[in-house]
2 protein chains.
Amino acid sequence: MDSTQLLKGVLDLAVLAVLAERDGYGYDVVRRLREAGLEEVGDASVYGTLRRLFKAGALNSYVVASDEGPHRKYYGLNDTGRRMYASYAGIWASFAATMASLVKEGHA
Amino acid sequence: MDSTQLLKGVLDLAVLAVLAERDGYGYDVVRRLREAGLEEVGDASVYGTLRRLFKAGALNSYVVASDEGPHRKYYGLNDTGRRMYASYAGIWASFAATMASLVKEGHA
DNA sequence: TGGCAGTACTGCGCAAACCACAGTAGTGTG
DNA sequence: CACACTACTGTGGTTTGCGCAGTACTGCCA
């Protein structure tokens with residue numbers, strides 16, 4: 001992965017972070033991201049990201065019945081996903097540091 | 001501008017930051033961004049961003065002849081650009097903080 | 001003189017990301 | 001039985017960043 005990816009795909013990291021804490025299903029991940037501060041994230045974006053990460057082999061998935069609505073498709077990190085998470089987190093941290101120094105020098 | 005923009009358009013902020021320090025022309029902005037740590041930024045992206053920001057009314061532009069090659073099209077921030085820069089910088093800072101807390105809790 | 005490297009910019013077309021919106025389907029309430 | 005809430009899928013659109021090709025100007029060197 002080149003750092004091109006993170007100029008865009010920040011959502012991947014956010015979703016991985018949320019799932020690293022504990023498994024979750026789509027609707028739940030949306031709520032947790034919004035509570036964490038990403039208030040304007042669209043639901044379709046999250047579902048799309050989950051499908052993409054699953055397709056990339058980073059997540060496992062299992063269906064659980066629910067009392068309060070339709071079944072829930074849970075997702076969780078597997079080994080690949082944990083490695084991906086660690087990698088993305090590192091890349092993002094250094095990218096954020098770069099941006100911070102760039103912006104600070106211009107002193108806002 | 002909704003914060004959708006900064007999930008992508010981080011380059012806008014980077015270019016604004018570089019130009020806030022001092023005026024620059026395309027090729028020069030590319031070099032300064034790369035020196036600052038954004039090593040993989042494509043030249044076409046920067047030129048595109050400059051044109052976009054100019055079209056959005058954030059930059060002024062003037063042409064200067066050069067001894068070592070073709071003319072140079074300099075860009076600099078105007079009032080709109082400075083306001084935009086301050087605004088983007090704030091939005092990005094809070095976004096970065098949000099991401100940092102998300103990633104930290106999952107403890108990488 | 002011709003060719004090549006370096007500087008500086010433009011234009012085209014692509015892939016990916018995020019989103020809005022619409023649709024499907026299950027459960028519980030009045 | 002309509003309606004609200006939960007939960008997911010699919011479609012199409014806009015924007016971004018990029019690779020690549022092309023233009024053009026200068027200076028160097030054989």
Side-chain angles (χ1 to χ4, degrees), chain A residues 1-16 18 23-34 38-56 58-59 61-75 88 91-92 95 99, chain B residues 1-16 18 23-34 38-56 58-59 61-75 88 91-92 95 99:
Chain A
M1 192 207 99
D2 53 357
S3 74
T4 293
Q5 288 309 321
L6 56 53
L7 293 170
K8 347 184 194 184
V10 199
L11 234 196
D12 287 29
L13 174 58
V15 168
L16 289 170
V18 162
D23 288 9
Y25 53 97
Y27 216 72
D28 175 53
V29 172
V30 171
R31 267 191 302 236
R32 282 156 73 190
L33 287 174
R34 292 200 174 136
L38 300 178
E39 284 157 39
E40 308 194 33
V41 71
D43 57 335
S45 309
V46 174
Y47 285 112
T49 300
L50 287 170
R51 276 177 256 170
R52 193 153 27 81
L53 289 173
F54 178 73
K55 204 174 164 192
L59 306 180
S61 167
Y62 48 100
V63 171
V64 178
S66 163
D67 302 354
E68 339 162 7
H71 67 92
R72 293 167 172 171
K73 196 187 277 182
Y74 274 78
Y75 290 97
Y88 278 31
I91 293 171
W92 191 81
F95 175 74
M99 286 301 296
Chain B
M1 190 209 94
D2 52 359
S3 75
T4 293
Q5 288 309 320
L6 55 56
L7 293 170
K8 350 186 193 184
V10 198
L11 235 196
D12 287 28
L13 174 58
V15 167
L16 289 170
V18 162
D23 289 9
Y25 54 97
Y27 215 71
D28 174 53
V29 172
V30 171
R31 267 191 302 238
R32 283 157 71 191
L33 287 175
R34 291 199 175 137
L38 301 177
E39 283 157 40
E40 308 194 35
V41 71
D43 57 335
S45 308
V46 173
Y47 284 112
T49 300
L50 286 169
R51 277 178 255 169
R52 194 153 26 81
L53 289 174
F54 179 73
K55 204 174 161 192
L59 306 180
S61 168
Y62 48 99
V63 172
V64 177
S66 164
D67 300 355
E68 339 161 9
H71 66 90
R72 293 166 171 172
K73 197 187 275 181
Y74 275 78
Y75 290 97
Y88 278 33
I91 293 171
W92 191 81
F95 175 75
M99 287 301 296

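Chain identifiers are assigned alphabetically (A, B, ...) following the order of the sequence lines, protein sequences preceding nucleic acid strands; residue numbering begins at 1 within each chain.
- Remark: B:Tyr47 pairs with no residue by the ring pair (Phe, Tyr, Trp, His ring centres under 6.0 Å) rule, at least two apart or across chains.
- For the helix from C:dT1-D:dA30 to C:dG30-D:dC1, the end axes, each set by the C1' atoms of five terminal pairs, are bent relative to each other by 10° (nearest 10°).
- When distances run from any side-chain atom of A:Arg51 to the nucleotides D:dT9, C:dC18, D:dG17, the shortest one goes to D:dT9.
- Applying the 4.0 Å criterion to OP1 and OP2 of D:dC8, one finds that A:Arg72 has every side-chain N and O outside that range.
- Taking atom CZ of A:Arg34 as the reference point, atom C1' of D:dA7 lies 13 Å away to the nearest angstrom.
- Residues passing the side chain to side chain donor-acceptor pair (under 3.5 Å) test with B:Arg51, sequence neighbours excluded: none.
- For the pair B:Glu39 CD and D:dC18 P, the computed distance is 13 Å after rounding to whole Å.
- A:Tyr25 is not listed as a side-chain neighbour of A:Val64, based on a closest heavy-atom distance of 4.5 Å or more.
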Polar atoms only, N or O, under 3.5 Å: list the protein pairs with nucleotides 26-29 of chain C and their distances.
| unit_1 | atom_1 | unit_2 | atom_2 | d |
| --- | --- | --- | --- | --- |
| C:dT27 | O3' | A:Asp67 | O | 2.7 |
| C:dG28 | OP1 | A:Asp67 | O | 3.1 |

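- The interatomic distance linking A:Lys55 (NZ) with C:dA16 (C1') rounds to 12 Å, in whole Å.
- Applying the side-chain contact (heavy atoms from CB on, under 4.5 Å) rule to A:Thr49 yields the partners A:Leu11, A:Asp12, A:Val15, A:Arg52, A:Leu53; only residues at least two apart in sequence or on another chain are considered.
- Every residue two or more places apart in sequence or in another chain that forms a ring pair (Phe, Tyr, Trp, His ring centres under 6.0 Å) with A:Tyr62 is listed here: A:Tyr74.
- Taking the ring pair (Phe, Tyr, Trp, His ring centres under 6.0 Å) definition, one finds that B:Tyr27 meets it with nothing, sequence neighbours left out.
- The side chain of B:Ser45 sits closest to D:dC18 out of D:dC18, D:dA7, C:dT10.
- With rounding to whole Å, B:Tyr75 atom OH is found 11 Å from C:dA8 atom C1'.
- Of the side-chain N and O atoms in B:Tyr47, none sit less than 4.0 angstrom from OP1 or OP2 of C:dT10.
- Put simply, B:Arg31 has a side-chain N or O that comes within less than 4.0 Å of OP1 or OP2 on C:dA8.
- Between the C1' atom of D:dT15 and the CG atom of B:Leu11 lies a distance of 13 Å, rounded to the nearest Å.
- B:Asp28 meets the salt bridge (Lys or Arg N to Asp or Glu O under 4.0 Å) test with B:Arg32; sequence neighbours excluded.
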